[in-house]
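Data first, discussion second: the structure below is written as structure tokens.
In listed order, ligands and their atoms are each counted from 1. Keep in mind that what you see is a predicted model, and the values were worked out from it rather than measured.
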Amino acid sequence: MASITLKDIAHSYTGESENPDDFALKKLNLTWRDGGAYALLGPSGCGKTTLLNIISGLLTPTRGQVLFNDKDVTGLPTQERNIAQIFQFPVIYDTMTVFENLAFPLKNRGRKKTEIEPRVIELATMLGLENELHTKAQHLTADAKQKISLGRGLIRKSVNAILFDEPLTVIDPQLKWELRSQLKFLHKQFAFTMIYVTHDQTEALTFADEVIVMYEGEIVQVGTPEALFERPEHTFVGYFIGSPGMNILPCKLQEKNNIQVEGQTITLDKKYARIDPTAKIELGIRPEYLDLAPPGKGGLPARILRVDDIGRHKIVRVALGSRELNVVVSELTGMTGDETSLLVDTSHANLYINDHLISGEEL
Ligand code: ADP
Ligand code: MG
């Protein structure tokens with residue numbers, strides 16, 4: 001196994017170019033620790049597959065280097081990188097049995113039958129395929145075929161890393177949970193370096209110790225699930241993580257720790273240096289850190305537009321001046337009409353300049 005370093009990697013599908021818009025991946029630098037469980041999270045088209053293919057060697061990057069430990073593998077073909085890659089759709093041999101499909105990566109490398117057989121049975125059992133070992137793959141459901149794909153990716157214990165490219169897309173939702181926890185278990189057991197690509201935040205947050213969030217060909221944050229929630233470093237992360245996402249409101253910095261949102265003043269817990277007046281300044285506050293009180297009880301006068309009861313709590317859509325935001329509350333007490341007062345937990349307020357988090361100074 002190896003740590004994987006991407007050094008000044010950039011990729012354009014049309015070759016070297018002066019135009020940054022030609023690059024599906026902008027310049028990025030990142031090290032994946034040996035044995036880490038990572039999720040690569042971002043919307044469709046942001047460059048996740050491109051990045052995986054650069055690691056596995058299916059693509060040669062337009063710029064930069066790929067290092068395994070300290071060895072430059074940028075020019076090495078896939079076969080010499082010793083990486084297992086699992087794709088969105090099953091890649092298996094239809095005319096082979098489940099056993100033969102699973103055994104293939106080992107057989108191909110000249111391993112002995114006495115080594116292959118127990119390993120195949122072990123994995124088949126883990127994936128719930130043990131009763132179908134001698135069935136031809138073509139007779140199986142899409143779910144089962146994808147399980148075979150997973151098994152083929154996991155069968156070799158000596159790989160440098162296992163890359164999963166949205167592997168559970170075709171899997172039934174209930175099975176998804178099961179497979180995901182098995183992958184997590186496998187990671188704990190064998191300490192493979194695993195990179196799991198998904199556009200689904202729940203999948204990313206449950207699988208990974210560390211999440212890499214991508215947006216438009218760039219890495220916008222690398223962090224623990226908690227850091228992504230509490231301190232999104234980019235407005236996109238705030239909006240993309242959480243359900244509903246972070247409220248992002250244009251504001252003006254008046255002085256030090258006072259901001260103005262929709263003509264109303266909010267006093268923050270931190271002070272900020274003077275900011276270029278032409279910059280875009282925004283307040284980021286999660287729905288969980290807002291609350292509502294009856295009108296006139298302090299806070300900012302606002303109006304309730306809609307209440308969605310989603311079981312344990314309610315998501316309230318509120319208008320603050322011309323802006324709309326989401327507030328998560330457990331109860332709406334003492335409010336009869338649609339007038340309300342918006343309470344902001346300023347210890348969880350984040351300030352963004354041109355979409356990037358800025359840290360203030362303690363008062
Ligand atoms: P993701 O996996 O996050 O959905 P991709 O890495 O597949 O994103 O794609 C990133 C960008 O590169 C997209 O704009 C996509 O259209 C483009 N792209 C992907 N593959 C190719 C290709 N083979 N040729 C040209 N452009 C591509
Ligand atoms: Mg993709």
The protein heavy atom nearest to atom 10 (C) of ligand 1 is G45 O, 3.4 Å
Distance to 0.1 Å, residue and atom name: give those for the protein heavy atom nearest to atom 6 (O) of ligand 1.
T50 OG1, 2.5 Å
Is there a side-chain contact between L343 and L292 in this structure, where contact means two heavy atoms from C-beta onward sitting under 4.5 Å apart?
no
Are any of the side-chain heavy atoms of Q174 and E178 separated by less than 4.5 Å?
no
Please state which protein non-hydrogen atom is closest to atom 7 (O) of ligand 1 and give its distance, to 0.1 Å?
T49 CB, 3.8 Å
So with a 6.0 Å cut-off around OH of Y239, is the heavy-atom count from everything else above 12?
no
Using a distance threshold of 4.0 Å (strictly less than), state whether atom 15 (C) of ligand 1 has a protein heavy-atom neighbour.
no
How about H11 and Y13: are their ring centres within less than 6.0 Å of each other?
yes
R323 and N247: CA distance, side-chain angles, deciding distance, side chain to side chain donor-acceptor pair (under 3.5 Å) verdict
CA-CA 10 Å; R323 297 280 161 180; N247 297 295; over 6 Å; no
Can you tell me if G47 contacts ligand 1 (heavy atom of the residue under 4.0 Å from the ligand)?
yes
N/O to N/O below 3.5 Å, does that happen between A24 and ligand 1?
no
Side chains of R317 and I304 in contact at under 4.5 Å (non-hydrogen atoms)
no
Who's closest to atom 3 (O) of ligand 1 heavy-atom-wise, of M214, H11, K48?
K48
Nearest protein heavy atom with distance in Å, relative to atom 18 (N) of ligand 1
Y13 CE1, 3.4 Å
Residues E361 and K270 bridged, charged N to O under 4.0 Å
no
Please determine if the Mg ion (ligand 2) has an N/O/S atom from T50 lying under 2.8 Å away.
no
